[in-house]
Amino acid sequence: MQGLLDFLKGIGAARFGAMIAVTAALIGFFAFVIMRVTTPQMTTLFTDLSVEDSSSIIKDLERQGIQFELRNEGTIIMVPKDKVTRLRMKLAEGGLPKGGGVGYEVFDKSDALGTTSFVQNINHLRALEGELARTIRAIDRIQAARVHLVLPERPLFSREAPEPSASIVVRVRGSLEAQQIRAIRHLVASAVNGLKPQRVSIVDESGQLLADGAATDPEQALGDERRTAFEKRMRKQVEDIVSSVVGSGRARVQLSADFDFNKITQTSDKFDPEGRVLRSSQTREESSLTADNNGQVTVNNELPGNQQNSGVLAKDQSKKTEETNNYEISRTTKTEVTEAGRVNRISVAVLVDGIYSKSDKGDLVYQDRTKEQLDRIATLVRSAIGFDQKRGDQVEVVNLRFADAPSTAPIAEPSGFLGMLQFTKDDVMYFVELGVMMLLGLVVMFMVIRPLVKRILASDEVAALTSALSAPALTDESGSASGGHALVPSGNATASAIDVATIQGQVHAQSVHRVGELAERNPNETVAIIRQWLSEPAK
């Protein structure tokens with residue numbers, strides 16, 4: 001303890017305080033590094049949570065003793081990466097997150113015996129709205145949804161029941177397509193008895209009306225969707241075939257199709273006069289004979305089959321033939337039904353970039369495409385869209401320089417062993433943080449601790465040097481002589497004196513050399529010692 005106290009007194013109060021401050025700073029720094037290294041990597045558990053779901057999940061995590069972090073005002077919860085899968089399954093078992101709405105679980109803990117029919121109807125309506133909202137949130141680009149249903153009761157003594165209606169408010173990322181809006185309307189209409197898709201209104205979070213509740217024509221909406229799908233498909237075909245020639249991203253295509261959605265029914269009758277067919281034929285013959293019998297009326301003359309006298313000649317004889325033929329003329333009846341959605345005209349505008357080449361200096365040089373190349377591209381586009389000149393189709397291919405030049409060095413995809421090491425952004429940031437911590441630790445080790453240790457050791461050497469230099473000044477010549485005589489044997493006095501002087505010279509030379517080295521390495525301490533000697537009184 002006495003040696004420790006003497007060492008602390010020799011260091012001085014200022015240096016001792018500096019050592020304590022540096023030690024405390026080092027302990028804090030390394031504690032921070034150890035905590036950061038040992039802290040588990042956090043990843044997202046759930047996003048876009050409501051306040052109710054967030055509070056329920058936090059209570060469950062605190063009960064399990066799992067570390068978590070809150071981001072974006074509690075809508076995002078971060079947990080350790082190695083526990084995220086198990087936590088999601090565990091929370092799903094408990095029905096979390098619920099989605100901020102009430103579903104059919106409202107009937108799980110209700111007392112049916114003491115509940116009125118009015119409360120039951122209200123709970124059924126709430127459950128139906130909550131379940132529809134959850135289903136709508138499962139659609140891509142939809143962050144949140146709120147559903148309101150109006151299910152009117154049929155009045156007494158009324159033959160017609162009022163139609164139900166629905167209104168939906170959604171919060172979306174980006175914008176919804178027309179097909180998705182129609183899908184939401186049909187989804188809600190199919191889930192509610194008696195609800196028609198035309199009676200469903202949809203509004204986004206900015207107040208924009210996406211679908212009104214008016215009785216719009218479903219065939220017209222279907223026609224618009226069909227035209228959009230046709231234009232999208234044809235545009236993709238043209239872009240693919242043009243990009244294969246000019247390069248990816250070096251072509252822009254705009255296509256417009258004019259559709260005729262009128263449904264036409266046409267009936268025509270055609271008669272062929274040359275194609276006659278005999279339907280029926282009727283023939284009739286009549287003959288009459290009148291004879292002169294001189295006016296005698298006898299029984300023989302009146303009997304049937306009476307043989308006339310050969311001498312009696314006929315006075316009048318007549319014969320009549322009549323023939324009737326009925327013919328059918330060939331007839332063709334044709335009924336044509338032209339469905340809606342005929343293409344009246346297609347207009348295509350294609351914008352292609354020029355050719356880029358490198359100069360001798362390595363710069364990109366732009367060059368326009370030739371007319372022959374543009375004609376070939378136009379021919380390909382006409383073949384892709386089914387060009388019909390009688391229909392009035394138009395195709396325009398224009399070569400202009402794009403504002404952004406193509407990148408000269410494409411990014412290569414990692415393959416082989418490097419392709420297996422697909423690190424995420426979180427992994428890369430974690431490794432970067434570890435590297436920074438290690439670098440800071442090395443900097444502190446070599447820039448702070450090492451100079452401090454060297455300074456402490458140098459102070460010990462300076463103290464030893466001070467005692468060594470002050471010792472000869474306190475001794476007398478007799479003591480030195482006696483010491484010198486003790487080192488050499490008692491022989492020749494002159495030789496002994498020479499040997500003693502030689503040894504003392506070597507010792508002094510080594511001491512001076514050592515003092516010079518210490519002075520070069522520790523100039524501040526050397527100056528302090530010399531000042532101390534100068535301030536001491538002469539003896």
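Starting from 1, each residue takes its place in the sequence as its number. Atoms considered below: every heavy atom in the structure, side chains included; atoms not considered: hydrogens, waters and symmetry mates. Computed from a predicted structure; not experimentally measured.
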Return yes when atom [atom1] of [X] has more than 12 non-hydrogen atoms of other residues, nucleotides or ligands closer than 6.0 Å, and no otherwise.
| X | atom1 | value |
| --- | --- | --- |
| D82 | CG | yes |
| R173 | CZ | yes |
| Q389 | CD | no |
| R376 | CZ | no |

Practice task
In sequence, state the C-alpha distance, the side-chain angles, and the governing distance for K320 and E322, and then conclude on salt bridge (charged side-chain N to carboxylate O under 4.0 Å, His left out).
Solution key: CA-CA 7 Å; K320 182 179 179 182; E322 182 179 354; 5.0 Å; no
Would [X] and [Y] pass as an ion pair if we require N to O under 4.0 Å?
| X | Y | value |
| --- | --- | --- |
| D393 | R391 | yes |
| E131 | R134 | yes |
| R345 | D258 | no |

Do [X] and [Y] make a side-chain contact, defined as non-hydrogen atoms from C-beta onward lying under 4.5 Å apart?
| X | Y | result |
| --- | --- | --- |
| T228 | E177 | no |
| P162 | P155 | yes |
| F387 | V395 | yes |

Exercise for the section: Might you point out which heavy atoms bring I142 and L176 nearest each other, and give the distance in Å? Expected result: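 For I142 versus L176, the nearest heavy atoms are CG1-CD2, 4.1 Å.
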Practice task
Search all heavy atoms of K358 against all heavy atoms of L364 and return the closest pair with its distance.
Solution key: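 The pair with the smallest heavy-atom distance is CG-CD2, 4.2 Å.
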